[in-house]
Amino acid sequence: MVVLIGAGASIAGCATQYRNHGYVPSEEDLAEVVVGVDTRDSVAETIGAPSSSGVLDESGYYYVATRLKHIGPSQPKPVSRELVAISFDTAGVVSGVERYSLEDGKVIPLERRVTSSGIQDKTFLRQLTGSIGNFSPGSFFE
């Protein structure tokens, strides 16, 4: 009996699970956005607030929806992704509406850039005693 429960739990742990994240407006909602007429505020009222916006001068609105697939303890993998990008001109009027999918994207490897502290592998006491001869008493009075 215990073996059957353990086997059932391990099989259930390996079952495929899907999770959905984000929001992308439907084609009908996007048809209501008129290029050259609508503004940032009217777009937010018509199809909702964006999941993210442009970093520089709020250049655009981005709506992203991702479907992830989980199998057991492995890392989740994106099965599908949709992105709707609404761009604005300098006056804040819609200049374009574009739709992208997972196939349109590129994988961008992220780099971890860590600034060196300039401290070699020394303990606090070594750093403290190492700086004893590096200053003169006259430097305090200048």
Side-chain angles (χ1 to χ4, degrees), residues 1-136 139-142:
M1 179 72 170
V2 174
V3 174
L4 290 175
I5 293 173
S10 64
I11 290 172
C14 293
T16 302
Q17 297 177 358
Y18 293 94
R19 285 194 337 205
N20 297 317
H21 293 279
Y23 161 74
V24 171
S26 66
E27 288 294 329
E28 294 82 27
D29 291 339
L30 287 175
E32 293 181 25
V33 176
V34 180
V35 176
V37 175
D38 281 315
T39 62
R40 291 180 195 277
D41 294 333
S42 65
V43 168
E45 284 180 23
T46 304
I47 58 177
S51 8
S52 57
S53 59
V55 177
L56 302 175
D57 300 327
E58 294 192 25
S59 59
Y61 284 172
Y62 305 102
Y63 299 86
V64 183
T66 304
R67 183 172 174 88
L68 299 170
K69 179 180 181 179
H70 292 268
I71 300 177
S74 64
Q75 290 282 13
K77 303 222 185 275
V79 176
S80 66
R81 180 173 297 130
E82 283 186 85
L83 178 123
V84 171
I86 300 177
S87 53
F88 299 95
D89 61 12
T90 54
V93 177
V94 175
S95 62
V97 178
E98 299 168 305
R99 183 179 289 271
Y100 300 99
S101 68
L102 186 61
E103 292 78 26
D104 296 324
K106 295 180 182 176
V107 176
I108 301 172
L110 298 177
E111 292 183 25
R112 293 196 121 217
R113 296 183 184 178
V114 179
T115 305
S116 172
S117 64
I119 299 174
Q120 286 84 21
D121 194 20
K122 294 182 180 179
T123 63
F124 174 73
L125 290 176
R126 282 194 179 176
Q127 292 175 29
L128 186 63
T129 57
S131 63
I132 289 177
N134 293 336
F135 62 91
S136 64
S139 66
F140 291 116
F141 299 111
E142 293 177 353

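In this text, all values refer to a predicted model and were calculated from it rather than measured experimentally.
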Give me each pair satisfying salt bridge (charged side-chain N to carboxylate O under 4.0 Å, His left out) with a member in residues 68-84, each pair once, sequence neighbours excluded.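 The answer is E82-R99.
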Please evaluate residues Y61 and I47 with respect to the criterion side chain to side chain contact (heavy atoms under 4.5 Å, CB included), reporting the C-alpha separation (whole Å), side-chain torsions for both, the decisive distance (0.1 Å), and the verdict. CA-CA 11 Å; Y61 284 172; I47 58 177; over 6 Å; no
List in chain and number order the residues that pass side-chain contact (heavy atoms from CB on, under 4.5 Å) with [X], two or more places apart in sequence or in another chain; answer none if no residue qualifies.
X: S87; answer: S95
X: R67; answer: Y18, N20, S80
X: E32; answer: D29, T46

Where do [X] and [Y] come nearest, in terms of heavy atoms and distance?
X: V33; Y: D38; answer: CA-OD2, 3.2 Å
X: V37; Y: V93; answer: N-CG1, 3.8 Å
X: T66; Y: P78; answer: CG2-CB, 4.3 Å
X: V24; Y: Y63; answer: CG2-O, 3.7 Å

Using the test salt bridge (Lys or Arg N to Asp or Glu O under 4.0 Å), find all partners of E28 that sit at least two apart in sequence or belong to another chain.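 If we apply the salt bridge (Lys or Arg N to Asp or Glu O under 4.0 Å) test to E28, skipping adjacent residues, there are no hits.
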Report the residues that fulfil salt bridge (Lys or Arg N to Asp or Glu O under 4.0 Å) with R19, sequence neighbours left out, ordered by chain and then residue number.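 Here no residue qualifies.
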Can you find a pair of side-chain heavy atoms, one from Y62 and one from V84, that are under 4.5 Å apart? no
Applying side chain to side chain donor-acceptor pair (under 3.5 Å), name anything that partners E45, two or more places apart in sequence or on another chain.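 Applying side chain to side chain donor-acceptor pair (under 3.5 Å) to E45 gives none.
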